[in-house]
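In what follows, a single structure is set out as structure tokens and then discussed.
Proteins come first, then strands; the chains are lettered A, B, ... in the order of their sequence lines, and each starts at number 1.
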Amino acid sequence: MTMSFEHIFAKHLLAVIQAYHPEFEGDVDLVASWVEAPKDRELGDLAFPCFRLAKPLRKPPAVIAAALIDGLRDVVDSEPMIAEVSQVGPYLNARINRAGQAKSLIPQIMDGSFTKPRARIDHRVMIEYSQPNTHKAFHVGHMRNVALGDALVRIYRWCGFPVVAANYIGDVGTHIAKCLWYLERHFSGEIPEQHRGEFLGTLYFKATELLDFDLLTRCPLLGVHVAQVMEKDQHPSRPEWTVVTLDLGHETCLVVCGGTGFEVGDRVAYASLGSRVGGRVIERVDKDGVLSEGMILSGAELGLNDNREAVFVLEPTISVGTPIADVFARKPNENVAGTMQQRLNEVSETLKRLESGEPEITALWQKTKQWSMDEFYEIYQWLDCHFDHFFFESDVGDEGKAMVEEYLQKGVLVRSQGTVGAELEGLPFLMLLKSDGTGLYATKDLALARRKFDEFGIDESIYVVDVSQSLHFQQVFKTLELMGFEQAKQCYHLAYGLVVLRDGKMSSRAGNVILFSQLRELLDQRIKSEFLEKYRGDWSDREIDDAAHAIAIATIKYGMLNQDHNRMIVFDLEEWTSQTGNTGPYLMYAYARTQSILKKVGTWDVLSADYTLLSHEAEGQLIDQLGRFQDVVASTREGHRPRELCAYLYDLARAFSRMFDQCSVLRADTVPLKAARANLVRATGEILATGLHLLGIPPLERM
RNA sequence: GCGCUCGUAGCUCAGCUGGAUAGAGCAACGGAUUCCUAAUCCGUAGGUCAGGGGUUCGAAUCCCUUCGGGCGCACCA
């Protein structure tokens with residue numbers, strides 16, 4: 001491995017600095033870390049800002065620079081890798097000897113030693129990504145995760161890490177109960193032969209629609225009924241409260257009320273014990289000596305107006321005992337509360353059957369789950385993403401609960417308000433067992449983590465999951481640490497922002513998701529009609545199909561990757577299907593042009609190429625860019641930022657496009673120049689292809 | 001209320017550990033094809049880096065604060 005230019009420059013700088021000021025403390029690495037790229041490439045390739053030395057040397061930066069430049073010039077005469085140095089104000093700039101660089105770099109690229117994966121490192125990494133839910137639609141939002149996870153797997157592997165690419169399928173939960181409930185009770189059509197996974201997603205969407213109380217009533221509350229105020233007394237100790245006796249129709253009850261604006265005889269909305277209002281369960285509470293059995297609701301609490309102070313008074317004609325949801329039903333005289341209650345009961349019944357392993361529903365679950373899985377496999381295949389292992393939520397549920405019991409015994413976990421969970425320093429309580437004894441999402445994550453550590457022997461664990469779960473993972477990792485797992489400190493949540501649409505967040509309820517199949521179809525059409533139709537007849541249909549596929553992958557993956565991961569992506573279908581400029585296809589196009597040249601240029605002598613002939617500015621920039629590849633990949637991996645590699649490859653493709661424009665290979669003035677350029681082009685193609693591969697994008701020989 | 005995150009050109013975004021004149025793409029305008037693929041290249045125009053303080057020789061970058069978006073915060077996953 002050759003020494004980087006930064007280090008070569010730093011080595012000479014250090015020698016000169018120490019000759020000038022022997023008391024200077026610092027090593028080559030420190031000085032090298034100060035070396036940067038000049039703002040303007042006209043100034044050189046490397047820059048050293050002497051501001052760094054102003055304090056230790058106690059002299060103005062420009063004076064230091066002026067004092068060092070002569071010494072530096074002397075040294076550089078004997079350094080073949082640096083062509084010249086110069087001083088501009090407080091900066092010392094160096095120009096790299098491009099020919100020298102090219103001479104060592106290009107052969108390395110061409111014999112494959114520069115682009116092949118790095119030496120194996122003894123540090124096992126698991127990268128968990130995708131994690132789709134079965135029985136739900138796979139849409140563009142899921143694709144950001146897949147693009148990120150897959151790119152990281154490839155990049156880690158290139159850097160020498162043994163990687164286990166893992167998926168974690170969400171195959172249990174209420175969403176499945178809803179889907180199967182709809183299938184059993186409400187679906188009356190034919191089950192399609194194709195796209196059965198998306199079909200299940202449609203069923204799930206229809207189920208949520210049926211279960212969306214908002215669609216039935218303006219006041220979507222269960223357990224809230226019309227009651228009449230019978231008596232109204234002042235609270236014995238709190239004058240701002242009143243003690244109200246309510247007639248519920250079949251019985252009466254006592255409620256302590258803080259609201260105002262109602263009289264004896266008024267009809268009000270009464271939330272009974274056990275009902276939920278604003279996400280809170282109504283419980284019997286001791287209100288300063290008086291037991292309050294329920295709650296009288298304000299307009300705000302009912303969601304009907306903004307008034308939080310005044311009790312909402314209903315028309316006197318409405319009979320006592322009517323569910324409040326029926327009063328505000330969107331279609332008059334409908335028993336919406338009863339309907340909704342029945343649906344909810346049915347769903348919860350389905351969930352219980354699933355959880356208890358009732359044979360009939362279990363068989364249906366397994367069959368439909370396979371429909372989803374078949375579709376996922378097809379999508380991964382299309383995207384060229386591969387997993388070494390699939391975990392299933394249904395496999396870790398019991399294990400998670402057992403684990404919680406175990407660590408409760410050990411005293412690591414605690415009981416709290418009927419639940420079991422982890423008390424974490426600086427973080428909110430993490431609940432692991434609900435008061436009914438069932439586990440939660442986090443419970444399964446603990447068991448999953450233990451499996452990763454024990455069965456796969458991994459040293460580092462990366463979770464590619466969207467940013468809304470940041471707190472969740474902080475809590476889970478902290479809990480694992482509390483449980484004594486060493487690897488907990490090597491767990492990393494790679495958070496990324498959601499993919500949203502121009503008119504807002506994607507939501508299955510509003511029906512504004514873009515399905516994977518839709519995107520694939522649209523991209524295919526657009527790519528063919530705009531770019532590939534012109535080759536019809538010239539290329540085989542098969543090649544056109546394959547090219548469209550590859551370009552579609554490039555469009556999606558690069559689009560998803562070339563944005564800082566903690567930022568939202570605003571997805572506009574129109575834009576994405578007709579992009580030019582900084583895109584995946586731009587990189588592929590640059591690669592295709594390299595291959596086009598190489599096909600036409602014929603044979604040439606690799607070894608005898610004289611790289612001193614590559615003196616054009618565009619060629620120099622390109623060589624410089626090629627040399628950065630390894631450092632960029634390493635840095636991309638370290639920062640978990642595929643975007644960095646995207647940016648590099650874009651710069652590389654741009655440098656090549658300029659060179660292509662300004663320096664013709666086929667029409668080079670001399671044969672040696674042609675040979676040198678051909679090698680440069682071939683090296684560029686190699687780096688582009690390797691880089692594209694690391695992003696999960698297949699290069700095309702022509703497009 | 002607490003926490004995380006974002007605010008940079010008309011739009012979408014880069015700008016890594018502070019460094020020289022803040023950069024791309026799209027859109028706009030003007031050029032380049034007898035010449036290796038015009039999915040390209042070159043040029044012009046476009047900025048109070050949300051506002052205000054502070055640290056520093058130097059701040060889009062670090063600290064504090066205000067404003068404004070997004071997302072989380074105990075029985076969902």
Expressed as a whole number of Å, how far does the [atom1] atom of [N] sit from that of [M]?
N	M	atom1	value
A20(B)	G15(B)	C1'	15 Å
U17(B)	U34(B)	P	47 Å
G47(B)	U8(B)	C1'	8 Å
G46(B)	G53(B)	P	27 Å
U33(B)	C13(B)	P	36 Å
G23(B)	A9(B)	C1'	10 Å
G70(B)	U48(B)	P	25 Å
C57(B)	A14(B)	P	32 Å

Among residues two or more places apart or on two chains, list those pairs meeting salt bridge (charged side-chain N to carboxylate O under 4.0 Å, His left out) that have a residue in residues 421-433 of chain A. none
Have a look at [X] and say if it touches a base, only the backbone sugar-phosphate, or nothing, with a 4.0 Å heavy-atom cut-off.
X	value
Tyr535(A)	base
Ala592(A)	base
Leu43(A)	base
Leu432(A)	nothing
Cys646(A)	nothing
Tyr586(A)	sugar-phosphate
Thr438(A)	nothing
Ser435(A)	base
Lys534(A)	sugar-phosphate
Gln579(A)	nothing
Thr580(A)	sugar-phosphate
Leu498(A)	nothing
Gln469(A)	base
Arg702(A)	base

With pairs defined as Watson-Crick or G-U wobble and both distances under 3.5 angstrom, please note down RNA chain B as a dot-bracket string, | for pairing with another strand. (((((((..((((.....[...)))).(((((.......))))).....(((((..]....))))))))))))....
Atom pairs and distances, donor-acceptor, side-chain atoms in residues 643-654 of chain A, under 3.5 Å, two or more places apart:
residue   : atom : partner   : partner atom : Å
Arg643(A) : NH1  : Asn562(A) : OD1          : 3.0
Glu644(A) : OE1  : Ser635(A) : OG           : 3.2
Glu644(A) : OE2  : Ser635(A) : OG           : 2.4
Tyr648(A) : OH   : Gln625(A) : O            : 2.7

Are any of [X]'s side-chain N or O atoms less than 4.0 Å away from OP1 or OP2 of [N]?
X	N	value
Arg667(A)	U34(B)	no
Arg658(A)	C42(B)	yes
Asn582(A)	C26(B)	no
Thr174(A)	C76(B)	no
Thr583(A)	A39(B)	no
Arg502(A)	C11(B)	no
Arg643(A)	C16(B)	no
Tyr589(A)	A39(B)	yes
Tyr648(A)	A24(B)	no
Arg52(A)	G18(B)	no

Tell me which of Ala47(A) and Ser664(A) sits closer to the 5' end of RNA chain B, going by the nucleotide each one is nearest to.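 Whichever sits nearer the 5' end wins; that is Ala47(A).
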Please tell me which of Asn566(A) and Val88(A) maps to the more 5' nucleotide of RNA chain B, matching each residue to the nucleotide holding its nearest heavy atom. Asn566(A)
Nearest to the side chain of [X], which nucleotide is it out of [options]?
X	options	value
Arg567(A)	A20(B), G7(B), G25(B)	G7(B)
Thr419(A)	A74(B), C16(B), A20(B)	A74(B)
Tyr650(A)	C73(B), U37(B), G25(B)	G25(B)

Nearest atoms (heavy-atom pairs only) where [X] meets [Y]:
X	Y	result
Ile64(A)	Lys59(A)	CD1-O, 3.4 Å
Leu430(A)	Ala442(A)	CD1-CB, 3.8 Å
Glu36(A)	Pro49(A)	OE1-CG, 3.7 Å
Ala47(A)	Phe9(A)	C-CE2, 4.3 Å

Under 30°, 30 to 60°, or over 60°: which ring-plane class applies to His135(A) and His175(A), parallel, tilted or perpendicular?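 It falls in the perpendicular class, over 60°.
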Nearest-angstrom distance from the residue atom [atom1] of [X] to [atom2] of [N]:
X	N	atom1	atom2	value
Lys178(A)	C76(B)	NZ	P	11 Å
Ile597(A)	U37(B)	CD1	C1'	9 Å
Tyr441(A)	A74(B)	OH	P	17 Å
Arg654(A)	A14(B)	CZ	C1'	11 Å

According to the 5.5 Å centroid and 30° plane-angle thresholds, does [X] stack upon the nucleobase of [N]?
X	N	result
Phe429(A)	A74(B)	no
Tyr91(A)	A20(B)	yes
Phe51(A)	G19(B)	yes

When you measure only distances, ignoring hydrogens and angles, does the side chain of Asn93(A) come within 3.5 Å of the base of A20(B) through a donor and an acceptor? yes
Under a 3.5 Å threshold, yes or no: a donor from one side chain and an acceptor from the other, between Gln621(A) and Glu617(A)? yes
With a cut-off of under 6.0 Å to the ring centre and 45° to the axis, is Lys369(A) in cation-pi contact with Phe392(A)?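 Positive - Lys369(A) is close enough to the ring of Phe392(A) and near enough to its axis.
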Please determine whether salt bridge (Lys or Arg N to Asp or Glu O under 4.0 Å) holds for the pair Arg536(A) and Glu533(A), giving the CA-CA distance in whole Å, both sets of side-chain angles, and the decisive distance to 0.1 Å. CA-CA 5 Å; Arg536(A) 187 76 69 184; Glu533(A) 275 313 322; 3.1 Å; yes
Looking at Tyr496(A), Tyr129(A), Phe473(A), Phe391(A), which hits ring pair (Phe, Tyr, Trp, His ring centres under 6.0 Å) with Tyr463(A)?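 Testing Tyr463(A) for a ring pair (Phe, Tyr, Trp, His ring centres under 6.0 Å) against Tyr496(A), Tyr129(A), Phe473(A), Phe391(A) leaves exactly one candidate, Phe473(A).
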Please check: side-chain N/O of Thr443(A) versus main-chain N/O of Leu432(A), any donor-acceptor pairing under 3.5 Å?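 Present.
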